[in-house]
Amino acid sequence: MRTDPLTFLSAELDALQKQGGLRRLRVLEGGQEATATFDHRQVVNLSSNNYLGLTTHPKLRERAHDAIRRFGVGSGSVRPIAGTMEVHMELERRLAAFKQTEAAVVFQSGFTANSGTVSAILTKDDVVVSDELNHASIIDGCRLSRATIKVFPHKDVEAARRVLQTLPSSQRTLLITDGVFSMDGDLGPLPDLCALAEEFGCIMMVDDAHASGVFGRNGRGTIDHFGVHGRVDVQVGTLSKAVGALGGYVAGSRALIEFLHHRARPFLFSTSHPPAVAATCLAAIEVLLEEPQIIDRLWENTRFFKTGLRRLGFDTGASESPITPVIVGEAALAMTLSDRLFEAGVFAQGIGAPTVAPGRARVRTIVTATHTTDELQFALDAFAKVGRELRILQ
Ligand SMILES: Cc1ncc(COP(=O)(O)O)c(C=O)c1O
């Protein structure tokens, strides 16, 4: 009889379980809403990236239905063969206008936008200078490119400068940062990094996945928030979080976008968005432009909840965005806090190493525009009660 060649995986899983690192998937029953039902329990949902509530916005639903009726459910091909539809082109034109760049290209996800772009524009002769907390998709793109990877400590612009000083002036170098860091909710130091990129002649790239729809005028992102338009060569955004649907995009010069059409492997070798997804994203851009009060509401909720957590005495790190971590230290404590909150009616995911540094485990909270003050107060009361029971609070 053949022995199972994958038995080593079970051993790895056992080891993970012993370290408290095994995660069960929570199953959502119904829509991704501010209060939602996961695993048969109704909870205040502080774990979704649906910042603006657009996953269930009537205008987006209607456009998706309309696109399905007119064009069917799939695009049927990769973009460079037969999978480019007018709705894809229109979305890219609108994204470029929104981001104030010459052009834009849409990918299947923010992940493939990052990994496909970095690996396309760099070769093994190039260097990437990257913040240590940049997203996994950037790290994978760097690895795929086979460029030399130089990591600088989180947000440490002087350390990045010291790295750049060691490189020959002719060295092609990409300087790359997240706009909003996904686990800590703090912002990349864009103005200083842009100045560094200009001084050393680097390509400047920003991953604005958590800033799209959240920061800047009408949610144009951190480039708009910091007023550094024209100084970031490669802007990545996602359509999967605040925009409410699925996808990622790169905005930049016409030459960059045309090059990605020819060299970015996810664009070349993976089927394009169903037309309903592209149509939904177009509707989302209209909502950002026509209903900016939703973004204002997101920020009111963010201030209310963040202030509440800090007043209770939790360590919320250096967050500047709707992502607020509650840092507790050990992974086991973070997972217990998350489980106990869930029992108390609040879903806030526990996160430990290797996603965050050892000793910096946390539950991560994200408020949305659609939470009511009552829901957020309910969540704060649960945090206070469970935090005291677990002696995280005095
Ligand atoms: C900083 C950052 N970049 C990129 C991505 C990937 O985006 P998407 O979910 O659209 O693939 C994420 C998603 O978790 C993220 O947090």
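One-based numbering, in listed order, for ligands and for the atoms of each.
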Please say which of Leu309, Ile327, Thr365 ends up in a side-chain contact (heavy atoms from CB on, under 4.5 Å) with Thr316.
Leu309
For Thr123, does its backbone N or O pair with a side-chain atom of Asp126 as donor and acceptor, under 3.5 Å?
yes
Remaining members of the apolar cluster that contains Ile149, side-chain heavy atoms under 4.5 Å:
Val151
All heavy atoms of Phe107 vs all of His273, minimum pair found to be O-CE1, 3.3 Å
Using 4.0 Å as the upper bound for N to carboxylate O, is an ion pair formed by Glu62 and Lys59?
no
Under a strict 4.0 Å criterion on non-hydrogen atoms, which protein residues are in contact with ligand 1?
Ser109, Gly110, Phe111, Asn114, His135, Ser137, Asp178, Ser182, Asp207, Ala209, His210, Thr238, Ser240, Lys241, Gly247
Could you tell me if Arg161 sits above the aromatic ring of Phe200, with its cationic atom closer than 6.0 Å to the ring centre and no more than 45 degrees from the axis?
no
